[in-house]
Amino acid sequence: MSSRDLILGRIRQALGPDPEVVDVPRDYRRGPAPVDLDLLVERLVDYKAVVHRVSDVPGAIRGIIGAGRLVVPPGLPTAWLPPDVPFSVDDGLSAAEIAAADGVVTAAAVAVVETGTIVLDASPDQGRRILSLLPDLHICVLRPDQVVASVPEAVARLTPGRPLTWISGPSATSDIELNRVEGVHGPRNLHIVLRETA
Amino acid sequence: MSTFLGMPAHAPRGVGQLRGDEPFPAAARTALANPQLRRNLQHATTTIRGKSGRVIAEVPDWQELRSAGSALKAYTMANLPQLLEQLEEKVTAAGGVVHWAADANEANRIVTELVRATGEQRVIKVKSMATQEIGLNEALEAAGITPVETDLAELIVQLGHDKPSHILVPAIHRNRSEIREIFLREMPGVDPALTDDPPELAGAARRYLRETFLSTRVAVSGANFAIADTGTLAVVESEGNGRMCLTLPDTLITVMGIEKVVPSWPDLEVFLQLLPRASTGERMNPYTSMWTGVTPGDGPQNFHLVLLDNGRTAVLADEVGRQALHCIRCSACLNVCPVYERTGGHAYGSVYPGPIGAVLSPQLTGVEDNASLPYASSLCGACFDACPVKIDIPSILVHLRNQAPHPRSEKAAMAAAAYTMDRPRLYERAQRAVRFSKLLGKRGRGLPPPLNGWAASRDLPDPPAESFRDWWRGR
């Protein structure tokens with residue numbers, strides 16, 4: 001008998017001939033709620049992200065990266081990039097090349113107001129997961145129409161088959177005396193550029 | 001009871017970390033004698049209770065979410081065979097390979113062989129309760145493979161040649177200056193000027209592990225959730241070590257208890273709200289990674305999922321006890337438990353400490369192998385109130401106390417009491433005799449065995465000067 005059949009047999013034995021019939025109550029908040037961008041900013045800042053509300057995306061990125069060098073995913077709109085900042089496009093860069101960059105710019109798939117979370121889904125304007133992981137600075141450009149109020153709305157918008165990364169603030173740990181301390185293995189600096197129309 | 005193949009089985013002895021070296025009362029006494037440990041625990045649990053309480057108060061539908069989470073887990077258990085088959089089908093369709101491990105030995109063998117097949121000598125690990133439970137690190141080391149723990153607290157434990165003492169924060173028993181000392185002593189290449197400032201300690205771990213992340217080709221992880229109808233796995237973490245392990249290597253091996261499956265994609269909306277607020281007291285943890293099989297050009301190109309029983313089916317067979325399998329490993333019950341706050345996690349002997357450990361460990365091993373754990377509680381019920389999926393831990397504790405072996409003398413004493421209470425004259429004489437109990441001395445230390453065992457942690461009540469019957473007669 002394979003271990004698969006053994007385990008499934010044990011489970012059926014444990015449950016008996018009439019397993020319980022269970023209804024799941026769904027009376028928690030699920031529906032769409034109004035999006036409060038001010039609250040999103042407050043929640044992002046509370047977990048130590050830096051937020052820029054601008055209409056001039058290249059200008060904001062220029063201000064953040066200074067004289068540094070960027071990596072960007074292949075589908076990032078080039079209009080977002082300041083003309084005088086050097087960048088490499090990820091067309092299969094090595095981990096060392098990505099890690100050597102001073103920062104990465106990506107778009108996002110969804111953002112959640114209530115929790116101050118952005119979600120990346122590896123679309124061409126966000127790139128492979130490694131891209132937003134190794135550089136110490138992650139700049140994420142967000143459109144207001146990508147923002148939802150709550151976690152259930154975000155889950156409903158996402159495509160489960162894609163690699164997803166939910167990000168709430170820069171890398172942190174609670175492992176020393178259970179206080180949140182920013183800055184372990186992921187990017188220690190997270191900047192959100194919230195692109196508002198002028 | 002006759003046994004046949006397919007009968008739910010307990011976790012085997014001699015492997016893994018579900019059984020302690022000594023019973024809880026003895027281990028607790030050692031822990032209680034360490035004032036530094038008690039200070040560290042009190043500080044940490046007080047901090048987390050405050051944080052968690054504040055973010056839970058922000059959510060107006062917390063109770064509705066708890067009810068949904070509880071029902072989702074009950075639904076999962078009732079439909080476990082179909083959900084696991086569906087998960088296997090979806091993971092396989094997405095390019096993953098699913099393995100089934102009946103117990104710790106089989107899981108260790110599967111993972112060791114998978115690592116051997118890659119030819120690598122080292123694996124990076126994301127913090128995982130399942131791999132601690134089965135003693136995977138010891139099995140890998142025995143096979144000449146070096147496991148590197150990458151979670152900060154796990155690293156502190158591993159470098160300190162220590163044991164984890166908390167589900168979420170395995171080094172909760174260490175304060176910042178102890179962590180600094182461990183790093184200075186054990187971390188190769190550490191800056192000797194390292195201070196005990198937490199951001200500096202975190203920075204030291206970052207520098208130490210960076211090269212290992214970039215050069216290791218195999219990672220081992222656990223999983224917080226596995227979605228049956230999509231085949232998606234989820235790991236919830238803070239530091240980014242999880243993202244490193246789940247993204248950089250060529251091969252990813254995930255070891256997951258069979259109870260971690262979640263029926264469908266939208267169900268994540270419940271657990272992703274419950275878990276961070278109940279565990280680290282955050283609205284959302286810094287990073288959650290989700291992956292479905294293999295994605296060409298992104299992340300590990302070889303993915304193995306090991307589904308682990310190791311006693312879980314035995315837990316499932318108990319209609320009262322099976323809700324212990326609903327646990328999402330948030331550790332809220334540890335942080336509110338007056339017993340855990342004083343003894344810490346090591347006293348429980350198992351990788352699952354605190355209230356949930358006191359109900360889970362004895363059921364995974366069989367009560368006889370952890371017979372003292374159901375008594376490691378005052379039954380105050382704080383754990384039940386704190387549990388985000390409403391596991392009724394006090395009821396399971398009482399249920400397990402009834403299953404634990406009781407001394408034969410206890411039965412004899414109860415029979416004698418019943419006999420006496422059935423006979424009014426005998427009862428009256430017994431009442432008078434009680435007045436002489438003062439002769440036994442303070443706390444009844446003069447009681448003969450086995451009654452002196454009972455009196456070791458209890459005070460004998462003072463007998464009243466006059467019984468009700470005497471008072472009634474003399475009215």
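Because the structure is predicted, anything quoted here is derived from the model rather than measured. By convention in this document, chain letters (A, B, ...) are assigned in the order of the sequence lines, proteins followed by strands, and residues within each chain are numbered from 1.
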Legend entry - Lys/Arg-Asp/Glu bridge criterion (N-O < 4.0 Å) met for R4(A), D309(B): no
Legend entry - Donor-acceptor pair, side chain of D175(A) and main chain of A153(B), under 3.5 angstrom: yes
Inset, instruction - Kindly give the heavy-atom pair with the smallest separation between A102(B) and R10(A), and that separation in Å. - result: O-NH1, 3.4 Å
Inset, instruction - Taking the side chain as every heavy atom from C-beta outward, state whether Y287(B) and S171(A) have any atom pair closer than 4.5 Å. - result: yes
Report all side-chain donor-acceptor pairs from residues 63-84 of chain A shorter than 3.5 Å, counting only partners two or more places apart or in another chain.
from   : atom 1 : to     : atom 2 : distance (Å)
R69(A) : NH1    : S88(A) : OG     : 2.6
D84(A) : OD1    : R62(A) : NE     : 3.2
D84(A) : OD2    : R62(A) : NE     : 2.7
D84(A) : OD2    : R62(A) : NH2    : 3.3

Inset, instruction - Could you have a look at M290(B), H166(B), R312(B), E64(B) and say which one has the most heavy-atom pairs with chain A under 4.5 angstrom? - result: M290(B)
Legend entry - chain A contact via R210(B) - side chain, backbone, both or neither, heavy atoms under 4.5 Å: side chain
Legend entry - When A171(B), S70(B), S238(B) are compared by non-hydrogen pairs under 4.5 Å with chain A, the top option: S238(B)
Inset, instruction - Among A172(A), P25(A), G9(A), G127(A), single out the residue with the greatest number of heavy-atom pairs under 4.5 Å to chain B. - result: A172(A)
Inset, instruction - Of all the heavy-atom pairs spanning Y28(A) and A68(B), show the shortest one and how long it is. - result: CE2-CB, 3.6 Å
Side-chain atoms of residues 154-167 of chain A: list all donor-acceptor pairs with protein atoms under 3.5 Å, sequence neighbours left out, distances to 0.1 Å.
from    : atom 1 : to      : atom 2 : distance (Å)
R157(A) : NH1    : D145(A) : O      : 3.0
R162(A) : NE     : D121(A) : O      : 2.7
R162(A) : NH2    : A122(A) : O      : 3.3

Legend entry - Contact check, side chains of S132(A) and R243(B), non-hydrogen atoms, under 4.5 Å: yes
Legend entry - Any side-chain heavy-atom pair of D267(B) and R26(A) under 4.5 Å: yes
Inset, instruction - For chain A, find which of N79(B), N285(B), N335(B), V315(B) contributes the most heavy-atom pairs closer than 4.5 angstrom. - result: N285(B)
Inset, instruction - Quick one: do V151(A) and M284(B) satisfy side chain to side chain contact (heavy atoms under 4.5 Å, CB included)? Show the steps, please. - result: CA-CA 10 Å; V151(A) 171; M284(B) 194 62 91; 3.8 Å; yes
Inset, instruction - May I ask you to test the R277(B)-T115(A) pair for a side-chain heavy-atom distance under 4.5 Å? - result: yes
Inset, instruction - Compare every heavy atom of L214(B) with every heavy atom of A95(A), then report the nearest pair and how far apart it is. - result: CB-CD2, 4.0 Å
Legend entry - Heavy-atom pairs under 4.5 Å with chain A, option from L152(B), L41(B), T47(B) with the top count: L152(B)
Inset, instruction - State the CG-CD1 distance between L84(B) and I7(A), to the nearest 0.5 angstrom. - result: 8.5 Å
Inset, instruction - May I ask you to name which of T288(B), D318(B), L168(B), L307(B) has the most heavy-atom pairs under 4.5 Å with chain A? - result: T288(B)
Legend entry - Closest-packed option against chain B by number of heavy-atom pairs under 4.5 Å, given L133(A), V181(A), I130(A), V24(A): L133(A)
Legend entry - Engaged part of A234(B) at the chain A interface, taking heavy atoms whose separation is under 4.5 Å: neither
Legend entry - Side-chain ion pair, D136(A) and R206(B), N-O less than 4.0 Å: yes
Legend entry - Side-chain H-bond candidate by donor/acceptor type, T173(A) with E239(B), under 3.5 Å: yes
Legend entry - Donor-acceptor contact present, side-chain D298(B) to main-chain R129(A), <3.5 Å: yes
Legend entry - E114(A) and R283(B) ion-paired at < 4.0 Å: no
Inset, instruction - Heavy atoms only: give me the nearest L15(A)-A78(B) pair and the separation to one decimal. - result: CD1-O, 3.7 Å
Legend entry - Among the listed options H99(B), E319(B), E282(B), the residue most often paired with chain A at heavy-atom distances under 4.5 Å: E282(B)
Inset, instruction - Examine whether an atom of E237(B) lies under 4.5 Å from a heavy atom of chain A, and if so say whether it belongs to the side chain, the backbone or both; otherwise answer neither. - result: neither
Inset, instruction - State whether the number of non-hydrogen atoms from other residues, nucleotides or ligands found under 6.0 Å of Q42(B) atom CD is greater than 12. - result: no
Inset, instruction - Under 4.5 Å, counting heavy-atom pairs only, tell me which of G92(A), P152(A), S174(A), P19(A) racks up the most with chain B. - result: P152(A)
Inset, instruction - Quick one: which of D27(A), V112(A), L131(A) has the most heavy-atom pairs under 4.5 Å with chain B, could you say? - result: D27(A)
Legend entry - Over all atoms of both residues, closest heavy-atom pair of D23(A) and A71(B): O-CB, 3.7 Å
Legend entry - Part of N40(B) lying under 4.5 Å from any heavy atom of chain A: neither
Inset, instruction - May I ask you to list the residues in residues 184-195 of chain A that approach chain B closer than 4.5 angstrom, counting heavy atoms only, ordered by number? - result: V184(A), H185(A), G186(A), P187(A), R188(A)
Legend entry - Per-residue contact mode, Q63(B) against chain A (heavy atom under 4.5 angstrom): neither
Legend entry - Minimal non-hydrogen separation, R322(B) against A14(A), with atom names: NH2-O, 3.4 Å
Inset, instruction - May I ask you to name which of D5(A), L134(A), V119(A), L120(A) has the most heavy-atom pairs under 4.5 Å with chain B? - result: L134(A)
Legend entry - Under-4.0 Å salt bridge between E177(A) and R174(B): no
Legend entry - E85(B): salt bridge (Lys or Arg N to Asp or Glu O under 4.0 Å) partners, not counting sequence neighbours: R12(A)
Legend entry - Any side-chain donor near an acceptor of the partner, Y75(B) and E20(A), under 3.5 Å: no
Inset, instruction - Starting at OG of S3(A), measure out to CD1 of I110(B) and round the result to the nearest 0.5 Å. - result: 6.5 Å
Legend entry - Spacing of CD1 belonging to I11(A) relative to CG belonging to L316(B), to within rounding of 0.5 Å: 7.0 Å
